[in-house]
Protein chains: 2
Amino acid sequence: MNDRVSDDSTKDRILDAAESIFAEKGFKGSSVRAITEKAGVNIAAVNYHFSSKTGLLEAICDRRLIPLNKLRSERIKGILSEAEKSKTTPRTKEVLRAFIEPTMKLKETEPGAKDFIAFIGRAFNDPDGTARDVFLKFMKPMAELLYRALSAALPDMPKELLFWRLQFAMGAFGHTMQGDMTGALKAFGIEADTKVSPLEMLLDFMTAGMESTYK
Amino acid sequence: MNDRVSDDSTKDRILDAAESIFAEKGFKGSSVRAITEKAGVNIAAVNYHFSSKTGLLEAICDRRLIPLNKLRSERIKGILSEAEKSKTTPRTKEVLRAFIEPTMKLKETEPGAKDFIAFIGRAFNDPDGTARDVFLKFMKPMAELLYRALSAALPDMPKELLFWRLQFAMGAFGHTMQGDMTGALKAFGIEADTKVSPLEMLLDFMTAGMESTYK
DNA sequence: GTCTATATGCCGATAGAC
DNA sequence: GTCTATCGGCATATAGAC
């Protein structure tokens with residue numbers, strides 16, 4: 001048995017290549033040909049190992065999104081049960097952090113995972129029905145748990161307002177995840193400062209937005 | 001002369017159909033065949049009138065995005081010159097409103113424009129290079145003006161932080177523009193309340209995020 | 001300006017040899 | 001499990017009749 005995410009098998013070579021090409025070109029824009037060429041395997045291998053291009057997409061989600069959502073869920077459930085025990089309200093920012101921090105950590109530590117993160121950042125808005133459907137299927141229980149936790153953190157907020165704000169926050173998150181901003185920063189004549197962390201900036205922004213009482 | 005955005009000419013029938021199909025399926029996912037069929041014109045008409053599929057995309061942006069950005073720009077420039085005259089700082093929320101309100105208004109008043117809005121909401125994150133490049137080309141001066149106006153509204157904020165927060169805000173905006181949330185609302189068991197305006201909710205969220213001093 | 005017919009090419013998927 | 005060869009389909013784009 002091998003618990004590494006990737007090894008040198010044909011299957012994993014295809015998964016690695018697909019992750020990277022999907023991230024760059026989207027699901028529809030990526031051809032099985034391009035994927036197998038990058039992986040250095042025969043074009044027929046995708047159908048042999050994954051049945052279809054869609055099957056390959058599902059395998060990618062199995063490999064990365066399931067473990068990622070497991071981490072997120074455990075942290076959020078921990079926050080919820082601790083709040084229940086102490087009869088307090090969870091803090092909005094900690095709930096959001098529990099969702100987002102594992103994503104950033106995966107991006108930094110797991111080689112190749114940054115392609116996956118970029119891909120799901122945009123799968124969320126991907127016009128291709130197949131990609132969106134697969135992605136939403138994998139995300140549904142996670143989204144419900146996040147919504148519940150934010151409900152607990154902001155118990156007096158009308159549910160529809162909470163829902164919309166969660167949409168806004170997820171839009172900000174998804175857009176941040178897809179691709180890096182280095183080029184855009186330069187285009188605005190801004191020098192990047194490595195002291196500031198995108199994670200903390202995003203959490204501040206989201207938390208303020210979620211909790212806003214701005215008039 | 002005819003100053004309506006759309007009439008019954010072949011050209012406009014194609015633009016209307018393309019707008020709607022691009023919105024649903026993205027640029028790559030939309031075929032010229034599907035567009036001409038929906039428009040009720042011959043398949044060769046796209047190349048005759050617009051040279052290519054990409055030319056068609058550019059014509060769509062010409063028709064909608066240029067006038068929309070003109071409205072946005074005029075309002076933002078008005079805010080900037082008024083602030084200069086009165087030696088005050090523009091208000092963040094009013095700058096954001098000047099950018100977003102014309103979008104919402106276009107969506108409500110111009111028939112068919114809601115397809116365009118949904119499309120640009122996602123063109124922003126569209127993995128297809130062609131669509132993203134065309135869109136960004138049309139948006140560049142607009143983005144720079146918006147950044148300048150927010151700089152004026154938040155003069156003490158470090159430029160890199162301002163830049164990132166603008167990215168977050170645009171992510172929230174783009175995600176909100178693409179498609180309607182009715183289905184998702186129902187999936188969360190939330191009854192939609194027409195009294196609350198997505199525009200105001202979004203502006204509150206964005207303004208709080210932009211101005212956040214949350215620790 | 002609109003049509004048919006077609007050129008040319010890439011797509012996902014598979015059959016069948018090894 | 002990996003290969004070659006190929007199928008059938010759909011894509012964009014165009015040539016040329018009307």
_Check against salt bridge (Lys or Arg N to Asp or Glu O under 4.0 Å), A/Lys105 and A/Glu110_ = CA-CA 8 Å; A/Lys105 216 154 255 171; A/Glu110 191 75 42; over 6 Å; no
*Atom CZ of A/Phe50 to atom P of D/dG1: distance rounded to whole Å?*
12 Å
_Six-ring centre of A/Phe27, A/Lys53 cation under 6.0 angstrom, axis tolerance 45°_ = yes
*Expressed in angstrom and rounded to an integer, what is the separation of B/Ile35 atom CD1 from D/dA13 atom C1'?*
14 Å
*B/Ile14 has an atom CD1; how far is it from atom C1' of C/dC3, in whole Å?*
13 Å
*asked:* Taking side-chain contact (heavy atoms from CB on, under 4.5 Å) as the criterion, tell me which of B/Val134, B/Leu65, B/Leu146 meets it with B/Met139.
replied: B/Leu65
*Could you work out which one of C/dC11, C/dC3, D/dT2 sits closest to the side chain of A/His49?*
D/dT2
*asked:* Can you tell me which nucleotide in D/dA13, C/dT14, C/dC3 comes closest to the side chain of B/Ser52?
replied: D/dA13
*What's the closest nucleotide to the A/Asn47 side chain, out of C/dT2, C/dA13, D/dT2?*
C/dA13
*Starting at atom CZ of A/Arg33, determine the distance to atom C1' of D/dG9, rounded to an integer number of angstrom.*
13 Å
*Assign A/Ser30 to base, sugar-phosphate, or nothing according to its heavy-atom contacts below 4.0 angstrom with the strands shown.*
sugar-phosphate
*Quickly work out the B/Lys28 NZ to C/dG12 P distance and round it to whole Å.*
10 Å
*Looking at A/Phe99, does the NZ or CZ of A/Arg72 lie under 6.0 angstrom from its six-membered ring centre and within 45 degrees of the ring axis?*
yes
*Map A/Tyr48 and A/Ile43 onto DNA chain D by nearest heavy atom, then report which one ends up closer to the 5' terminus.*
A/Tyr48
_If the cut-off is 4.0 Å, is A/Asn42 near the phosphate of D/dT4, judged by side-chain N/O to OP1 or OP2?_
yes
*How many Å lie between NZ on B/Lys53 and P on D/dT14, as a whole number?*
15 Å
_Counting only side-chain nitrogens and oxygens, does A/Thr10 get under 4.0 Å of the OP1 or OP2 atom of D/dG1?_
no
*Please determine if a side-chain N or O atom of B/Ser31 lies less than 4.0 Å away from the OP1 or OP2 oxygen of D/dA11.*
yes
*Rounded to the nearest 0.5 Å, what separation is found between the CZ atom of B/Phe163 and the CG atom of B/Leu150?*
12.5 Å
*Gap between atoms CG and P, on A/Leu57 and C/dA13 respectively (whole Å)*: 12 Å
